[in-house]
Trainee: 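Okay, here's the structure, questions in a sec.
Everything numeric in this text was worked out from a predicted model, so none of it was measured.
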Amino acid sequence: MTVTDSSPPPSGRDSLTEDLRWRGLIQDSTGPDELRALLDGSAATFYVGFDPTAASLHVGHLMQVITARRLQLAGHRPLLLVGGATGQIGDPKESAERSLNPPEVVAGWVARIREQLAPFVSYTGENAAHLVNNLDWTGEMSVVEFLRDVGKHFPVNKMLAREVVKARLESGISFTEFSYQLLQANDFYELHRRHGCQLQFGGSDQWGNITAGVDFVRRRGAGPVQAFVTPLVTKADGTKFGKTEGGAVWLDPELTSPYAFYQFWLNADDRDVTRYLRYFSFRSREEIEDLEKETAERPQARLAQRALAEELTSLVHGEREMAQAVVASQALFGRGSLDDLAPETLRAALTEAGLVHVAQLPDVAGLLKESGLVPSTKEARRVIAEGGAYVNNRRIAEVDATVGPEDLLHGRYLVLRRGKKSFAGVELRG
């Protein structure tokens, strides 16, 4: 990845601040004028943090990862913090106390997440990114040092005023979670002291923690520093962004296949996709506005969804996996060759659709019933007779048709389709 220099934008092109605001990426900030001067000025060092609460980041983290990439492309220096310390504590939830994960588990997650962050930024050049772990400075601090050097700067009445803390006062909140804000605030101070960090950003749910960090840096006699938060990503239908029927959409291909990742964006609601383009795409303002217009005029073409799915799948999983996902999405509906699909892509796609396992191959009618595409063998025979049944994109003409080993893709898979849009997979085991 090539990182641009930090010279002012040429005439007619938005400044970084204007671009971020047009995309809706700045929900709140400390001192808009000071933030603009920092973002649109010479190279500044910024940080964004990720707590290792699972073995992988998910698409909910993409807002911060991609925003960090934007800032680096504009000439600023990223510090990507993975919370080896804060990940052992956990930011308070409104519902209940978090379960504490063993330190060795958190350490393993830290390593995996550091690897996942690597493709999004450049580690070379004048504004090279740097990965940091807050356990490096928090782990060596004694309890007395923490209370004297950090705790004394935090009025308890202000900490009690936090919405998430107020929501937990009745049911109870431990000192462990109550102190999380102090740890995160100290991160900003340490990064300012060690690396000259001038800016922190994060999701809007972190606004209280982030502004506490800005205030703490000031109270320690350092700074000035600035901060902003991005909006939480929502879905128009009220469901949580980044969730599907199968659970979270992860960046780790072992947890969410590149095909499923591609499909998540391809299936974005028309009401959401234009916002997602602004948040996540690196296309220019003109290109995005053209896609927004085309989506409004021809929503059935899903041009915005395809553009976003291809761009993000390439960014997260690479060009090859993106190309395979595109081929799979076409071939499964009869618009391409199934022979072009790698076995892992085919299996991932069929798993998403519904993959059944059989020890032997019944006739096609039996397969349609086993796969759940029809409720009964009688209905399966009717669908075949009417010309609506396909095996590996080949229309089945005979109601008593069978399949054999020679029909299996990669020696083990069959793709069944009813009509144009309903398909399922069969895997022969035995």
Side-chain angles (χ1 to χ4, degrees), residues 235-237 239 243-247 249 256-273 276 294-310 313 322-342 345-358 362-399 401 403 407-409 413-427:
K235 294 173 74 173
D237 63 6
T239 58
K243 296 284 186 178
T244 66
E245 291 183 7
V249 180
T256 297
S257 71
Y259 174 81
F261 184 88
Y262 176 87
Q263 288 294 315
F264 172 78
W265 300 103
L266 188 64
N267 293 326
D269 193 304
D270 290 338
R271 297 169 292 175
D272 294 320
V273 70
Y276 294 171
E294 291 173 336
T295 297
E297 293 174 350
R298 294 192 299 139
Q300 70 280 2
R302 306 189 73 74
L303 297 176
Q305 285 90 339
R306 293 181 190 281
L308 187 61
E310 291 180 14
T313 306
M322 181 277 290
Q324 278 283 295
V326 171
V327 170
S329 65
Q330 295 173 343
L332 291 173
F333 294 100
R335 299 191 298 273
S337 174
L338 292 167
D339 295 331
D340 294 334
L341 295 181
T345 303
L346 177 60
R347 191 179 202 287
L350 296 180
T351 299
E352 285 296 302
L355 182 62
V356 297
H357 308 102
V358 297
D363 59 16
V364 173
L367 287 171
L368 290 171
K369 179 179 178 296
E370 287 286 330
S371 69
L373 288 175
V374 295
S376 65
T377 303
K378 180 180 179 181
E379 176 67 9
R381 295 171 70 86
R382 184 189 67 79
V383 169
I384 295 171
E386 293 176 354
Y390 299 80
V391 175
N392 297 345
N393 289 336
R394 175 174 58 87
R395 176 177 283 163
I396 302 302
E398 301 294 330
V399 294
V403 292
D407 296 305
L408 296 171
L409 300 168
Y413 301 110
L414 292 171
V415 178
L416 308 180
R417 181 157 50 90
R418 177 184 179 180
K420 294 182 177 181
K421 296 184 178 181
S422 300
F423 71 93
V426 175
E427 181 179 11

Trainee: Quick one: are Asn392 and Val403 in side-chain contact, heavy atoms under 4.5 Å?
Mentor: no

Trainee: Quick one: CD1 on Ile396 to CZ on Arg417, what's the gap to the nearest 0.5 Å?
Mentor: 11.0 Å

Trainee: Return the set of residues passing salt bridge (charged side-chain N to carboxylate O under 4.0 Å, His left out) with Arg271 (not counting sequence neighbours), or none when no residue passes.
Mentor: Asp269

Trainee: Give me the atom names and distance for the closest heavy-atom approach of Ala365 to Ala380.
Mentor: O-CB, 3.4 Å

Trainee: Distance-only criterion, 3.5 Å: show the donor-acceptor pairs between side-chain atoms of residues 324-338 and protein atoms not counting sequence neighbours.
Mentor:
| residue | atom | partner | partner atom | Å |
| --- | --- | --- | --- | --- |
| Gln324 | OE1 | Ala342 | N | 2.8 |
| Gln324 | OE1 | Thr345 | OG1 | 3.2 |
| Gln324 | NE2 | Asp340 | O | 3.2 |
| Ser329 | OG | Ala325 | O | 3.4 |
| Ser329 | OG | Val326 | O | 2.8 |
| Ser337 | OG | Asp339 | N | 3.2 |

Trainee: Are side-chain heavy atoms of Leu408 and Leu414 found at a separation under 4.5 Å?
Mentor: yes

Trainee: I'd like to check the salt bridge (charged side-chain N to carboxylate O under 4.0 Å, His left out) partners of Glu398; sequence neighbours left out, ordered by chain and number.
Mentor: none

Trainee: Can you list every pair that meets salt bridge (Lys or Arg N to Asp or Glu O under 4.0 Å) and has a residue in residues 368-381, with sequence neighbours left out?
Mentor: Glu379-Arg382, Glu379-Arg418, Arg381-Asp400

Trainee: Sub-3.5 Å donor-acceptor pair from the side chain of Asp272 to the main-chain atoms of Lys235, do we have one?
Mentor: no

Trainee: Does Gly387 offer a backbone N or O that forms a donor-acceptor pair with the side chain of Arg395 under 3.5 Å?
Mentor: yes

Trainee: Is the shortest heavy-atom distance from the side chain of Met322 to the side chain of Phe261 under 4.5 Å?
Mentor: no

Trainee: Would you say that Asp270 contacts Gln305 through its side chain, given a criterion of any heavy-atom pair below 4.5 Å between the two side chains?
Mentor: yes

Trainee: Enumerate, atom names and distances included, each donor-acceptor pair closer than 3.5 Å involving a side-chain atom of residues 296-304, sequence neighbours excluded.
Mentor:
| residue | atom | partner | partner atom | Å |
| --- | --- | --- | --- | --- |
| Arg302 | NE | Leu266 | O | 3.2 |
| Arg302 | NH2 | Leu266 | O | 3.0 |
| Arg302 | NH2 | Ala268 | O | 2.8 |

Trainee: Could you list the residues that satisfy side-chain hydrogen bond (donor to acceptor under 3.5 Å, both in side chains) with Tyr413, not counting sequence neighbours?
Mentor: Arg347

Trainee: Are Val391 and Val415 packed together at the side-chain level, in the sense that at least one heavy-atom pair is separated by less than 4.5 angstrom?
Mentor: no

